[in-house]
Amino acid sequence: MAKGVLLILCGPSGVGKTSLSNALLESRQRLSLSISYTTRDRRGQEVDGVNYNFIDEDEFLAMRKSEQFAEWAEVHGNYYGTSRQIIENAWREGRDLLFDIDYQGARQLKEVYPEATAVLVAPPDLETLEERLRGRGTDSEEVIQRRLAAARHELKQYALFDYIVENKEFQKAQQVLQAIYDAARHSRSVKRRWLEELLECGQ
Ligand code: 5GP
């Protein structure tokens, strides 16, 4: 089976990761979002099977026990996980996958799939991140302080990542992310099968 690109996108809350991931998905047809399993409650407009597969804790623990997850993590008191099946299906169908997951998940995916491309989205500085978190106007001071501490912790994990994209200007960050994805399409692990077939035909 030919391998597709596995593009992992991480970054602290408020950094603009969701907007960047949506823009990339719109501009690159071959790429689709890996839909995670989660035990957290559905929010507002979220649709089961589109944003997440919403399951209860018993179902999650059963899937974990039967080793159906390529990675899983507990984030803000809820479980999140990526099924192995979604990766196999994508590769069989010739699709690439984008993972919007936390750094714990990125670490595990890189262990199972070392050829995955891991990107950390970083704010230009912590003051800007704080302004963005406050700008949402929905969170209490305590929540904002907790998110800022979590952001520092996440950014400290930079050694896990192949690329670090500074999101100062959205357009620029989007272009950099597109370039990273486009380059990953030409990585050895993705192109290997194609080149092997080319050589077999020539014999
Ligand atoms: P939210 O609940 O706000 O959608 O996501 C909370 C955090 O969980 C985000 O950092 C998101 O990237 C992360 N997350 C979402 N799905 C997964 C997953 O399947 N695995 C891991 N490790 N993290 C996830």
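As the structure lists them, so they are numbered: ligands from 1, and atoms in each ligand from 1. Just so we're clear, the structure is a prediction, and the values are computed from it rather than from any experiment. In this chain, residues are counted from 1 in sequence order.
Aromatic ring orientation, F60 versus W72: perpendicular (interplanar angle above 60°, classes split at 30° and 60°).
Of all atoms in ligand 1, listed by their number and element, those nearer than 4.0 Å to a heavy atom of A73 are 22 (N). The atoms of ligand 1 that sit less than 4.0 Å from any heavy atom of S36 are 16 (N), 17 (C), 18 (C), 19 (O).
Judged purely by distance below 3.5 Å, without hydrogens or angles, the side chains of E115 and S187 never pair a donor atom with an acceptor atom.
Checking D102, T82, N53 against atom 21 (C) of ligand 1, the nearest heavy atom belongs to D102.
If you look at E71 next to ligand 1, the close heavy atoms, those under 4.0 Å, all belong to the side chain. Here E74 has no heavy atoms under 4.0 Å from ligand 1, in either its backbone or its side chain. Looking at Y52 against ligand 1, only its side chain comes within 4.0 Å, counting heavy atoms. Under 4.0 Å from ligand 1, the heavy atoms of V75 that appear belong solely to its side chain.
For ligand 1, the polar-atom distance check against E46 finds no nitrogen or oxygen pair separated by under 3.5 Å. Backbone and side-chain nitrogen or oxygen atoms of Q104 are examined, and none is located within less than 3.5 angstrom of a nitrogen or oxygen of ligand 1.
For L160 against K110, the heavy-atom pair with the smallest separation is O-CE, 4.2 Å.
A cation-pi arrangement, defined by a distance under 6.0 Å to the six-membered ring centre and an angle within 45 degrees of its axis, is absent between R28 and Y181.
Ion pair R192/E196 flagged as a salt bridge, since at least one NZ, NE, NH1 or NH2 atom sits closer than 4.0 Å to an Asp/Glu carboxylate oxygen. Here E130 pairs with R134 in a salt bridge; the nearest charged N to carboxylate O distance falls below 4.0 Å.
For atom 3 (O) of ligand 1, the nearest non-hydrogen atom of the protein is R43 NH2, 3.2 Å.
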